[in-house]
Amino acid sequence: MKKITVGNWKMNLNLTDSLVLAKNYVKEFKDFTGTAVACPTFLALDGVAKVLAASPLKLGAQNMFWQPIGAYTGEVSPADLRDCGCAYVIIGHSERRQWLGETDQMVNQKAKAALAAGLTPIICIGETLQQNEQDERENVLINQLRQALNGLSLNNNQQLMIAYEPIWAIGTGQAITTKDADEIHGFIKAYLRKIMNSAAEINLHLLYGGSVTANNAPELARLSSVDGVLVGGASLNATEFLRIAQAFNK
Ligand code: 13P
């Protein structure tokens with residue numbers, strides 16, 4: 001199966017630095033043949049899209065609203081993201097759940113709206129350290145998935161990505177072990193097979209996120225249960241991001 005590498009730049013770069021990073025991506029990725037996605041801030045999308053246009057890199061947004069148009073101050077519609085050149089959109093990142101109160105119901109509405117607009121949603125799920133230590137991980141993930149995917153089915157042309165991002169592994173330098181990643185990804189995939197329609201078997205990809213680096217990427221990439229990665233910090237360096245993407249494009 002084709003694997004995918006997604007870079008989530010979060011709110012780490014100003015406009016100028018976003019364009020510089022996009023140009024560095026283009027240089028590094030000129031011979032790349034796989035799927036790699038850059039997700040800058042909303043304001044940088046248009047500029048970064050123009051820089052990436054002549055490269056194999058794809059564009060994604062970090063969030064969107066579920067309504068197509070109307071009186072929703074401060075929000076951005078899925079159609080506008082498409083117009084900007086986005087093919088992907090991250091939905092329900094744990095940072096949005098923590099700081100913006102994003103709920104599983106909102107994630108569900110956003111995922112449906114993204115698919116309807118022709119975007120591939122990358123839905124983030126993951127447990128806190130406390131939930132992990134109290135052995136609640138599987139329940140937390142099942143609850144998040146059940147609600148996020150409620151009433152959602154895929155047709156043959158639609159893709160959906162789930163990103164398992166344990167919150168304790170984000171930005172901490174402490175990635176999941178390969179053994180643990182394989183176990184929990186196997187668990188998530190078994191649950192997804194149970195609740196999703198059959199097109200989802202081929203069109204649903206399970207990514208891992210949380211302290212992915214060029215060092216741990218090769219091991220993670222070897223797992224058949226890991227279909228790709230969602231990379232934060234390490235995506236801010238074009239050379240390292242390419243090394244990660246190459247590990248997932250073997
Ligand atoms: P880090 O790779 O910096 O841990 O961030 C992961 C993440 O949150 C990607 O969405």
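All values below come from the heavy atoms of this structure, side chains included, with hydrogens, waters and symmetry mates left out. Read the numbers this way: they start at 1 and go in the same order the structure lists the ligands and their atoms.
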Ligand 1 and V231, any nitrogen or oxygen pair closer than 3.5 angstrom?
no
For ligand 1, the portion of I170 having any non-hydrogen atom under 4.0 Å away
both
Show which atoms of ligand 1 fall inside a sub-4.0 Å distance from at least one heavy-atom site of G210.
4 (O), 6 (C)
Flag E165 as yes when one of its N or O atoms lies below 3.5 Å from any N or O atom of ligand 1, and as no otherwise.
yes
Would you check whether G232 has a nitrogen or oxygen atom less than 3.5 angstrom from a nitrogen or oxygen atom of ligand 1?
yes
Measuring centre to centre across the rings, with the benzene-like ring taken for any Trp, is F241 within less than 6.0 Å of W9?
no
The one among S235, G171, S94, A234 that brings a heavy atom closest to atom 4 (O) of ligand 1
G171
NE2 on H205 to CG on L207, rounded to 0.5 Å:
8.5 Å
Any Lys/Arg nitrogen of D104 or R146 sitting under 4.0 Å from an Asp/Glu carboxylate oxygen of the other?
no
Can you list everything that forms a side chain to side chain donor-acceptor pair (under 3.5 Å) with Q144? Sequence neighbours excluded, please.
none
Has S211 got any heavy atom lying under 4.0 angstrom from an atom of ligand 1?
yes
Is it the case that H93 and E102 place a side-chain donor and acceptor less than 3.5 Å from each other?
no
Please determine if D227 and K189 form a salt bridge, counting it only when a charged side-chain N lies under 4.0 Å from a carboxylate O.
yes
Please name all residues satisfying side chain to side chain donor-acceptor pair (under 3.5 Å) with K179, sequence neighbours left out, ordered by chain then number.
E183
Give the numbers and elements of all ligand 1 atoms closer than 4.0 Å to a heavy atom of N8.
9 (C), 10 (O)
Show the atoms of ligand 1 that are less than 4.0 angstrom away from any heavy atom in L230.
9 (C), 10 (O)
Shortest non-hydrogen contact from A234 to T213?
CB-CA, 4.3 Å
Can you pull out the closest protein heavy atom to atom 3 (O) of ligand 1? Residue, atom name and distance to 0.1 Å, please.
G233 N, 2.8 Å
Taking 4.0 angstrom as the limit and counting only heavy atoms of A169, give me the atoms of ligand 1 inside it, by number and element.
4 (O)
